[in-house]
Amino acid sequence: MALKIGIAGWSLLPPSAEIPGALDELIYSSTSQALVDAGITIAEIDGVCMASSDLNDGRAISTMTLTGSTGSFHKSEMRVCNDALAAVWMGAAEVGSGAAQTLIVCAWNKFSDVVDPAAIPALALEPSMHRSLKYHPDAILSLRESQESGTIVLTDAAPLQPNDTAAAVVITTDGHPKAGDLVLSGFGSSTGPYLRPGEPVLKPTQSAVAAALKFAAVPISDVRRIFVGGLHRISSADIAEALSVPESSIVREDPQTADLGYAAGLVALVHALELGIDGPTLVISAAGLGVESANAVLVEMK
Amino acid sequence: MTSNAAAILGFGQTKFRTVREDVSGPELVFEAVSAALADSQMDINDIDAVVFASAPEVFEGVYEPDRWSIEAFGGVGKPVVRVHTGGATGGSAAIAGARLIESGLYETVLVVGLQRTSETPDAQAVFTTIFDPIFEQDVQLNVITGIALVASRQMEYFGLTEDHMAWVSKKNFDNALLNPFAHLHKNITIEDVKNSRPLAWPLRLLHTCPRSDGAAAVVMTSGANAKRHKSVAWMRGAGHATDVYRIGDRIKDADSDLAIPRALGWACDDAYREAGITDPLNQLDVVEVYAPFANLEIGYYESMGLAPSGRGIELVETGATALGGKIPVVPSGGCMTANPIGATGLVRFGEAALQVMGRAGDHQVDGARVALATACGGIDQFYTAAVLASDPE
Amino acid sequence: MTETVRIPGEWHIGYQYTIGTFASAFFDGLRKGEIWGSLCEQNGEVAVPPKSFNEQAFVPTDKLVQVGLNGTIQAVTIVTAPFAGSPDVPYAVIYVKLDGATSSIANYMHGVDLGDGTTLPDALSIESPVHAVFSPEPEGRVTDFWFEPGVA
């Protein structure tokens, strides 16, 4: 089943240690700029699909206070709590179902408002068996790598660099007059087990990529570049090997240790769009303590 | 309606309680998912993707509870997305599931809702933190005071009285006695409501909802696949709409009043348009409204188009929304008798599906063929609406 | 039958919320006994507290504007149930539309005998006049002012 989603415009507040302004002002800045870029007015937008984390945002229902800045007043609002590539495929579903013609997909992160962002991942450990042990949450990934490789894996990764950012992409039906010459044509997602080792670390990522390519009927050999969001502790060589692509096709966030929260996947997508698409381009992300929540979308020229 | 409509095959819910000490969070999820799969006559391997619904994770005290529960809903190896729009979460997740199917991305989707409000000692303290940390938390705005402020305008706008609220409370508590899954099974009188503990004028304890532990799950599939099943509920239309955050920006203007949440009207307009409903009072057979407070339900009658402007109280005065009345509202007892926040909207959706499938048990509305289910998040800010029917068109 | 175990836990995450220049101007004003809002020329909204963009018109707001200290009650509740961190009950929270504003702002109402909190005193009924009173010791929080009955 083919589903092609138009891309009308985008914007990005480039990741940095601190972007001044209130969080809703950052979001408004990126969503309003994406509309300008798309040549679409707010009145023409049917809804907004967003990804955000309550803990990163410091609000128990973060979108409740931030919603106005996303552009969702008097419109549909869908909010996911996963990497923003999940918001991309959820938004694609809203457009693809006929429920919306035009949609803003947006995500943000403002770690400069959080006193200690590194304290948040440990709260994703279930409380009775794991959190009580008080080990570093990165040990989850190390244990998986150890099981996979049969070797000792040290948990000594350099700390991530918390970043502020905001990104927005305006998507439309394929035939929309404001749609450009790029389309989202493949959507894949997969999830691994919680905490426990037992399957290859990059299996969910491989599955998500395979699903996106299958959906678009594009072979991996046709893919020109792969933009990566998240997956901080996994090397480009390992990703390339897992996906059977040359390492030169992998494009990472610079630096690779920049922590963009749930915005990582959308920032990677906007990077891809800004650099120019010259053939089938994958954007992938994987989040979760064991990078077990993986998403992939394929961008193609019409 | 689009030709690619999604359909609901089955619904499962746990018994709702203040604390389910016998199970962990994931075990609660497993219970609901198992019930939904059995109700749908489906296997976990039939599921292509999962939408997980849970509202603030501060309640469970586990960040990213979708991962924590993944084995419990059979999500390993599948696409999983968590939806969270506050109280509207369960309603948004149901719409998300439908859109994933209608777009052709996935054939069969499991929608799961979980909330354990018992894990944190003071839910109202959580509810204070949902408010704007700059202007509003310091003046003790929370859900109860927020809805009390709405009630004060309803008294002004359409003449809401304690009698109206007491009638709605008693109706819903009476309905809950017919629903084995309801959290509160209490025989109450109008006098009990009027004499219950005052919380925030004009609201009293029996105008409000309990905090509940519980989970719910719905199995949805494509129209083509649904035709192979005997008992299905068709998703005929859906809408969701958002209002501005600040209550002070929407108290009153030329077109609207905080007394009658306009965003529910917007959501219903979209759902009705998709479903071809032009006269909701006569075309709907039953409504599962997400109204955790008695006064809200009355205001919603108008938002949902069941009553003309300012006349929602007439449905109370004529008993029209009681079981057996012209348009029964929450025959299940609704949120006032069980409120596992992030799952609540999905319970409304599932109950509406059961009604049009004729499988609602003792609280079945005779001959129900078209139902409306809603959900609400924030202080009257996010709304979802879904029209479910026994026939595809 | 096994006795069920519950594992205690707590979350501690600190935040320093950035509020931006518009909101900062509001708190600055409170120190001087002034209340500031923002004007959106496109739809005429004078929002109090101010905001740097108008989410309904989806345009930046044009400027900060000072509003009056007198206003009318638009919504009211008297809280009789204590919540974590709340003042002593009963206390009243009201939304007030200040002169010159199109939106309303929430704050405490002082200076009215609330009795046991189960009946509404006349001074608290909707459309009653109130005025802002400022704390002599501002802390840079919204509680640097409150409302009292009548016109200043």
Side-chain angles (χ1 to χ4, degrees), chain A residues 1-3 22 47-48 53-55 58-61 63-68 72-82 86-87 89-90 92-99 120-128 187-195 204 207-208 211 215 288-289 292-293 295, chain B residues 2 4 24-26 49-50 55-58 61-64 66-71 75-86 92 95-96 98-105 126-127 129-134 238-246 263 266-267 270 274 377-378 381-382:
Chain A
M1 161 123 202
L3 174 64
V48 183
S53 157
D54 286 347
L55 292 197
R59 291 150 168 90
I61 305 175
T63 50
M64 180 174 151
T65 58
L66 300 171
T67 183
S72 69
F73 167 70
H74 202 159
K75 303 176 192 305
S76 75
E77 174 167 322
M78 187 62 80
R79 181 254 181 131
V80 306
C81 298
N82 305 88
W89 56 261
M90 184 59 74
E94 291 193 61
V95 173
S97 69
I120 293 174
L123 301 175
L125 290 167
E126 68 76 40
S128 63
F187 311 91
S189 176
S190 190
T191 318
Y194 178 62
L195 303 184
S207 302
F215 193 90
L289 297 175
E292 76 277 11
S293 175
N295 292 289
Chain B
T2 46
N4 52 350
S24 69
V50 183
E57 51 235 286
V58 195
V62 177
Y63 185 45
E64 300 183 331
D66 46 333
R67 310 264 165 76
W68 180 42
S69 307
I70 188 132
E71 275 92 358
V76 174
K78 296 188 169 94
V80 174
V81 65
R82 173 177 168 217
V83 166
H84 167 18
T85 51
S92 297
I95 294 176
R99 299 313 186 206
L100 290 175
I101 292 166
E102 291 161 358
S103 64
L105 271 181
V126 173
F127 283 132
T129 68
I130 69 179
F131 283 84
D132 180 290
I134 300 154
H240 38 151
T242 311
D243 209 331
V244 295
Y245 163 65
R246 288 191 200 160
W266 299 335
D270 286 347
E274 274 192 13
Q381 188 187 356
F382 305 103

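Lettering follows sequence order; numbering is per chain, from 1.
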Item checked: Structural part of A/Pro204 lying under 4.5 Å from a heavy atom of chain B ->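 Neither part; nothing is under 4.5 Å.
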Margin query: List the residues meeting salt bridge (Lys or Arg N to Asp or Glu O under 4.0 Å) with A/Glu77, not counting sequence neighbours, and say none if there are none.
Written below: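 Not a single residue meets the salt bridge (Lys or Arg N to Asp or Glu O under 4.0 Å) criterion with A/Glu77.
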Is it the side chain or the backbone of [X] that comes within 4.5 Å of chain A heavy atoms, both, or neither?
X	result
B/Ala263	neither
B/Leu100	both
B/Asp270	neither
B/Trp266	side chain

Margin query: Let's go through A/Glu126 and B/Arg67 carefully: what are the C-alpha distance in whole Å and the side-chain angles of both, what is the deciding distance for side chain to side chain contact (heavy atoms under 4.5 Å, CB included) to 0.1 Å, and is it a yes or a no?
Written below: CA-CA 10 Å; A/Glu126 68 76 40; B/Arg67 310 264 165 76; over 6 Å; no
Shorter than 4.5 Å, heavy atoms on both sides: which option in [options] has the most such pairs with chain B?
options	answer
A/Gly68, A/Ser72, A/Ala86	A/Ser72
A/Ala122, A/Ala92, A/Ser293	A/Ser293
A/Ala124, A/Ala211, A/Gly96	A/Ala124
A/Gly192, A/Pro121, A/Ala208	A/Gly192

Next item on the list: Please check if the side chain of B/Thr242 supplies one atom and the backbone of A/Lys75 the other of a donor-acceptor pair under 3.5 Å.
Entry: yes
Next item on the list: Verify side-chain hydrogen bond (donor to acceptor under 3.5 Å, both in side chains) between A/His74 and B/Asp243, making sure each step is shown before the conclusion.
Entry: CA-CA 6 Å; A/His74 202 159; B/Asp243 209 331; over 6 Å; no
Next item on the list: Decide side chain to side chain contact (heavy atoms under 4.5 Å, CB included) for A/Leu3 and B/Leu105; before the verdict, give the C-alpha distance in whole Å, the side-chain angles of both, and the deciding distance to 0.1 Å.
Entry: CA-CA 8 Å; A/Leu3 174 64; B/Leu105 271 181; 4.2 Å; yes
Item checked: Residue list, ring pair (Phe, Tyr, Trp, His ring centres under 6.0 Å) with B/Phe382, at least two apart or on another chain -> none
Item checked: Partner of A/Asn82 under side chain to side chain contact (heavy atoms under 4.5 Å, CB included), chosen from B/Val83, B/Val80, B/Val81 -> B/Val81
Of the non-hydrogen atoms in [X] and [Y], which two are nearest, and what is the gap between them?
X	Y	value
A/Ala60	B/His84	O-NE2, 3.5 Å
A/Ser97	B/Arg99	OG-CD, 3.4 Å
B/Gln381	A/Thr67	NE2-CG2, 2.9 Å

Item checked: Check: A/Ser53/B/Tyr63 side-chain N/O donor and acceptor closer than 3.5 Å -> yes
